[in-house]
Amino acid sequence: MIGSLLLVLLVLATITVTGLLVAKQASRRRKLTGPVCGHCDYRVTGLTTLTCPECGGDLRAVGIVTSSTPTGQSVVAGVMIFTVLLGFIATVATSGVISVLPVRHSYKRQVRLGPVSSGYPNVLVQASRTSWGGSFVPAAVTIELEPGGAKSTASPAQMIVHADGKYEFTSAGSRVVSNDEFGESAVLEWLKAAGIDTTAADMQRKAARIAAEARIAARSGRAAMSQSSGSGSSMSSSSGGDPADVFQNISTSQSNESHPPVAPSIAIPFFWLAVWIWGLWYLVIRGTRRRRVATMVAIQAAAT
Amino acid sequence: LPNVEDFGTIGPVVTLNLTACLVFLTVAISGAMIVWRKLRDAGEAAAGELVCVRCRTPARLLSPDSFVCPGCHQDVRQLGIALDRPKRLTRPFWHVLIFSAALCAVAMVTTGELSSRLRVRYVSIQSNMQFAGEAYQNVDFVLTGWRHSDGPLHGELYADMFLKNGQAVTLVIDSPSRRYRLIDIKGHEWPSQESIGQEGALRWLSMAGLDTANPEVRQQEASWMSARIEDLLSGNDRSPFGPWDRRPRYMGGGGGSSGGSGDPEMLMPSLVIGWSLIWLAGLTLIVRPRATARSAQKEATA
C-alpha cells in the first residue's frame, strides 16, 4: 500500500520536474533575443568587460548563452530516460529483495474434546507457534479444562506441556512442575488434581486421547511454517464425533498467518526515491555548477 | 521489531535468505560508494571546460576586457561561451545506469526461465478415515512437502492411528527415501532403515495391537494401508479413501488439501547473491579503467 503510494508520488514528481524543466527552457528560449549571461540571463550586448553588471559573474566562468548555444533540452530527455531506467531497475531489484526477506509465520491449532466430566464439558488442547521460517521444533502445548453448566462450581484448570516433553500444572493453588515425561499418566494426575474422578471406567481412555492430541499438536503446523507458504492467512476447522468414541464431540481448528516484515516495504521505496533525487541533482545541477567554479578558479589562478 | 525468540532454530533456507539480504545490502552500499567516488572525479575530468562555441578555445584564455576570442578572433557574444563536450560530464553516470538496467533485464529473463523450469508444487494434504469393528477407530493422515511436476515428493507423511482406548500410534514416512519411523503410545520413536511397504504397515498395525499373524490383517489391512500411503506419497489422483468396496469396515472420512506452485526455496536467494556480485564486478570494471585513464591524461595535459 505504502509502496504503491510512493510509486504514484514518484511518477507525479517526475512529470512535475520534467514539466518545470521544459517550461523553464521554453520560456528562456522565447525570451532569448540576444546573447545573455549564462548565470542571470542579463543581456551582454554592449558590455565592455567580461564581468556581468547584473550578477557580477565572470562571463568566462558562467558562459554566454546565445540562440545557437545548446540548451537544456537534452537534460529534460536525460531526466525522462533516467527515470524510466531507474524505475525498471527498482522494480526488478525490489522484487528480488522482497522474495528473500524472511516471512513471519504464526500457526495455531485447537482441538476441543468433550465431554470430560459433569463439571467440565470440554477440554481444550491448543498449540501455537511463531517463526521466521526457522527449523521446525516442537511447540509447547496448553491443555485447559473448560468448566461449564449453570450450576458448575469447577474452576478452570490448565496444564502446560513444554517442548522438551516436561509438563507443569496448578493444583489446589500450588504449581506442580514435573520432570517426568508427559503422557497418559501425567494427564490422569492433572485431572485428578482438578477434582475429576479418575477411577471412572472411561477416564483412562480419555486421558490417553488427550495425551495423544497434545503430542500431535506439538508437532503440527509444519506446512504453515514453511518459507514457501508465502503471505496471507487461512483457517480450517472440522468437527464430529462418534457415540462409540472416547469423546462424543471432537472439533479441530487450525489457523495460520504469514506476514512479510513491514519495515523493508516502507524503506525500499524511500531508498529508490533518494536514488532518483540524487540522479536528478547530478544530471541537472551538479555538473555545470562545479565546472563553472573550476573555470573561475583557473581564471583567478592565471590572473595571479 | 521481531522477537528474538520467534526466530527459533535458524534453518538452512532462512540462513541463505538472510545471507542474500546481507549480500544485497553490502553490494548496494559498496556500489553506491564506488559510483559516488568515481563520478565525483571521473565525470569532471572527462568533460571539457567552458570554451568558445565556434573554435573551442578555453574561455579562461580570453582577456578580461575583450570579447574577441584569441582562437578564431570572433566576438564571443555572438558565438557564445558554453561547456565543451557537455555529454562527457554525465557519460560515466549513463554507463552505470545502462549497465544496471541491462543486467536487470538479463536477470529478469534468466530468473523467469529458471523459475519456470525448476518450479515446484507445494503440497499439504490432510485426510481422516473412520472405521468400525477394528482395533482402531480412525486414522489421520497429514502430508506436507513439495514435488516437481512429475517427480517424487520431498516431504513427510504422518499417519496417526487412534485406538479404541484413546491411545495413538504414529507412522512417519520420509519421502523420497520412503524410510519410516514409528511413534508408540508413549511417544517413543522407533526408527527403521527400511522402506515402507506391506511389512512396514504390518509393524505399524502390530504396534497398534493387531495380530499380524492373522492372515486377514496381513493380506487385507496391511496391504490396504500401504496402498493408501503409496497413493498419497506418489500424488496419485485416485482418492486416498477408496476403493470402498474392498474395505467393508470403513465408516467414512474427510479431508482437504492446499498448496500452490512456486520457486524452490533455495533458488531466489542464490540468484540474488549471484546477480548482486555480478553487478558489483561489472560496475567496478565499467567505472574504473576509462575514468582513471582519462583523468590521468587530463592531469598530465594540464
Side-chain angles (χ1 to χ4, degrees), chain A residues 35 38 44-45 48-50 59-61 63-66 68-70 78 82 85-86 88-89 92-93 96-97 99-102 104 130-135 137 183 205-209 212 215-216 222-223 227-228 234 236 238 242 245-246 282-283 287-288 290-292 294-295 298-299 302, chain B residues 2 6-11 13-14 17-18 20-21 24 39 43-44 47 49-50 53 59-60 62 64-65 67 76-83 86 89-90 93 97-98 100-101 104 107-108 122 124 130 137 144 146 160 162 165-168 186-187 254 256 258 262 265 268-269 271-272 275:
Chain A
V44 298
T45 311
T48 53
T49 65
L50 278 159
L59 294 174
R60 291 170 295 180
I64 296 171
V65 179
T66 68
S68 60
T69 308
F82 164 66
L85 287 178
L86 186 69
F88 174 67
I89 293 166
V92 175
V97 173
S99 68
V100 297
L101 286 175
R104 182 175 178 270
T130 305
S131 164
W132 287 81
S135 292
V137 290
R205 293 163 60 203
K206 287 180 178 177
R209 180 64 188 251
R215 282 199 197 99
I216 292 166
R222 187 175 293 268
Q227 176 81 6
S228 57
S234 67
S236 65
S238 63
D242 185 344
D245 205 338
V246 180
Y282 187 86
L283 283 175
T288 50
R290 286 179 71 93
R291 175 52 51 192
R292 282 170 182 163
T295 309
I299 291 165
Chain B
D6 289 350
F7 281 91
T9 308
I10 300 294
V13 176
V14 180
N17 277 315
L18 289 172
C21 291
F24 182 86
L39 290 188
E44 284 179 19
E49 56 187 328
L50 285 171
V53 170
R60 60 184 158 82
L62 266 74
D65 53 358
F67 284 95
V76 290
R77 283 174 294 188
Q78 302 305 316
L79 304 171
I81 296 174
L83 204 61
L89 187 71
T90 53
F93 174 87
L97 193 70
I98 290 166
S100 303
C104 280
M108 193 175 71
Y122 292 96
S124 176
Q130 294 181 348
Q137 283 183 320
T144 53
W146 58 271
D160 297 302
F162 289 91
N165 60 6
Q167 295 172 327
K186 291 184 176 177
S258 64
E265 290 183 320
M268 281 311 290
L271 288 175
V272 167
W275 288 119

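Heavy-atom basis, side chains included; hydrogens, waters and symmetry copies ignored. Lettering of chains follows the sequences in order, A, B, ..., and the numbering in each one begins at 1. Values in this document were obtained by computation on a predicted structure and should not be read as measured data.
Looking at residues two or more places apart in sequence or on another chain, you find a side chain to side chain contact (heavy atoms under 4.5 Å, CB included) between A:T45 and A:P35, A:R43. When the salt bridge (charged side-chain N to carboxylate O under 4.0 Å, His left out) test is applied to A:R215, no partner is found at least two apart in sequence or on another chain.
Residue contact with chain A, scored on non-hydrogen atoms closer than 4.5 Å, involves the backbone and the side chain of B:S100 alike. Only the side chain of B:V272 comes within contact range of chain A, with heavy atoms under 4.5 Å apart. In this structure, the portions of A:I89 lying under 4.5 Å from any heavy atom of chain B include both its backbone and its side chain. For B:D160, the part lying near chain A is the side chain, with the backbone staying farther off; criterion is any non-hydrogen pair under 4.5 Å.
A pairwise comparison of heavy atoms in B:A101 and A:L85 identifies CB-CD2, 3.8 Å as the closest pair. The two residues B:G166 and A:A212 come nearest to each other via the heavy atoms O-CB, 4.1 Å. Taking each heavy atom of B:F67 and A:L50 in turn, the nearest pair found is CE2-CD2, 3.4 Å. Taking each heavy atom of A:P102 and B:L18 in turn, the nearest pair found is CG-CD2, 3.5 Å.
Looking at A:I216 and B:F162, their side chains come closer than 4.5 Å, going by heavy atoms from C-beta outward.
Here B:N165 is the residue among B:V76, B:T144, B:N165 with the most heavy-atom pairs under 4.5 Å with chain A. By number of non-hydrogen pairs under 4.5 angstrom with chain A, the leading residue of B:Q167, B:R77, B:M268 is B:R77.
One finds the CZ atom of A:R60 at 8.5 Å from the CD1 atom of B:I81 (value rounded to the nearest 0.5 Å).
In this pair, A:F82 and B:F93 present their aromatic rings tilted. The plane angle is within the 30 to 60° band.
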